[in-house]
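Quick one: the structure is below, questions incoming.
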Amino acid sequence: MNQLIYGLITGLAFGFLLQKGQVLRYDRQLGALRLQDMTIVKFMLSTILTAMVGIYLLKDLGLIELSIKSTILGGNIIGGLLFGLGWGMLGYCPGTSMGALGEGRWDAVWGILGMLLGAALYAEAFPVMKKTVLTWGNFGKITLPEVLGINHWFLIVPLAVGGVLLFRWFERKGL
Amino acid sequence: MSTTAKGHWNPYLAGALAGLVSIFSVWGAGKFLGASTSFVKSAAMLEKLFAPDHVAGLDYFIKNAPRIDWQWMFVVGILLGALLASLSGRTFKVQAVPDMWRARYGETVGPRAAVAFIGGVVAMFGARLADG
């Protein structure tokens with residue numbers, strides 16, 4: 001029961017911030033894909049950079065454990081291409097479709113119905129995928145610092161600096 | 001810093017705060033944020049109404065059991081949080097066709113509905129295949 005309440009509260013906070021950041025809008029999402037409006041990228045990258053530092057700090061302090069998903073090139077690449085194609089058509093991702101509905105943009109309903117069908121179809125296709133696509137290039141649960149054999153902060157700091165430089169460039173270009 | 005319209009926040013600030021939410025979620029509840037698994041669970045719950053035996057036999061629905069869990073409530077929370085934010089900022093807007101779409105393809109609901117629906121099918125299939 002507690003888990004359900006935590007989930008609801010976390011979602012409330014996250015959805016609130018998505019709406020305030022204007023990232024729930026079709027126009028913003030398509031604007032990012034058309035390289036005309038970087039609002040989505042600014043929001044997402046700010047979230048990622050903040051979380052990257054915080055999560056690894058907590059991990060170093062022994063307070064949390066990472067939850068790493070397998071790197072499977074077949075699934076990651078083909079799935080990523082399909083996701084990008086669908087995202088471009090729908091203009092919302094799974095989480096933002098729910099948020100868009102919350103702020104009154106109800107064309108998200110068509111997307112939500114489509115995503116439910118997509119999930120059901122994937123459940124049918126899963127046995128075949130497991131034998132084919134999901135066996136192509138399976139590297140298991142790896143991380144970049146592990147593969148490179150360096151301490152994670154040697155990646156986190158340059159990525160954070162690179163992110164800030166990118167933000168400065170966006171602002172200079174008025175994106 | 002970019003200009004922020006009335007009722008909205010700077011995207012860097014809102015994004016960084018969302019990062020803090022995700023840090024506290026992992027720290028406090030041990031949960032990394034995600035949404036697409038909940039669509040699998042919901043699909044299984046709906047399909048179960050019509051074909052319970054079929055659902056019970058599918059590996060993917062055994063792995064992702066049709067049950068309301070932390071993430072499912074998180075996804076419901078996103079909808080409610082966006083509703084609260086849009087009402088508080090007076091930016092709630094009932095809209096059937098987005099502005100950018102309307103400018104190019106007109107305001108008929110049918111074409112937008114069809115493309116959004118097909119896009120949703122393809123995007124979710126891809127998201128699950130990539131395990132994202």
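A note on names: the letters A, B, ... follow the listed sequences, proteins ahead of strands, and every chain is numbered from 1. Please read these numbers as outputs of a predicted model, since none were measured by experiment.
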Contacting region of A:Leu58 [heavy-atom separation from chain B under 4.5 Å]:
side chain

Could you check which of A:Ser97, A:Gly79, A:Gly54 has the highest count of heavy-atom pairs closer than 4.5 Å to chain B?
A:Gly79

Where on A:Ile40 is there a heavy atom nearer than 4.5 Å to chain B: the side chain, the backbone, both, or neither?
neither

For A:Tyr6, which atoms come within 4.5 Å of any heavy atom of chain B: side chain, backbone, both, or neither?
both

How close do B:Ala43 and A:Ala119 get, heavy atom to heavy atom, and via which atoms?
CB-CB, 4.0 Å

Name the option with the most non-hydrogen atom pairs under 4.5 Å to chain A; the candidates are B:Phe61, B:Phe74, B:Phe92.
B:Phe74

So, does A:Asp107 use its side chain to make a donor-acceptor pair with the main chain of B:Val97 at under 3.5 Å?
no

Main-chain N/O of B:Asp131 paired with A:Lys69 side-chain donor or acceptor, under 3.5 Å:
yes

Backbone N or O of B:Ala85 within a donor-acceptor pair of the A:Lys20 side chain at under 3.5 Å?
yes

With clusters defined by side-chain heavy atoms of hydrophobic residues (ILVMFWY) lying less than 4.5 Å apart, directly or transitively, does A:Val147 cluster with A:Ile72?
no

Quick one: do the B:Tyr12 and A:Glu171 side chains pair a donor with an acceptor below 3.5 Å?
yes

Apply side chain to side chain donor-acceptor pair (under 3.5 Å) to A:Glu103 and B:Thr91, showing your working.
CA-CA 8 Å; A:Glu103 66 166 356; B:Thr91 49; 5.1 Å; no

Please name the pair of heavy atoms, one in B:Val21 and one in A:Ala13, separated by the smallest distance, quoted to 0.1 Å.
CG2-CB, 4.0 Å

Short question: side chain of A:Thr10, backbone of B:Ser25 - any donor-acceptor pair under 3.5 Å?
no

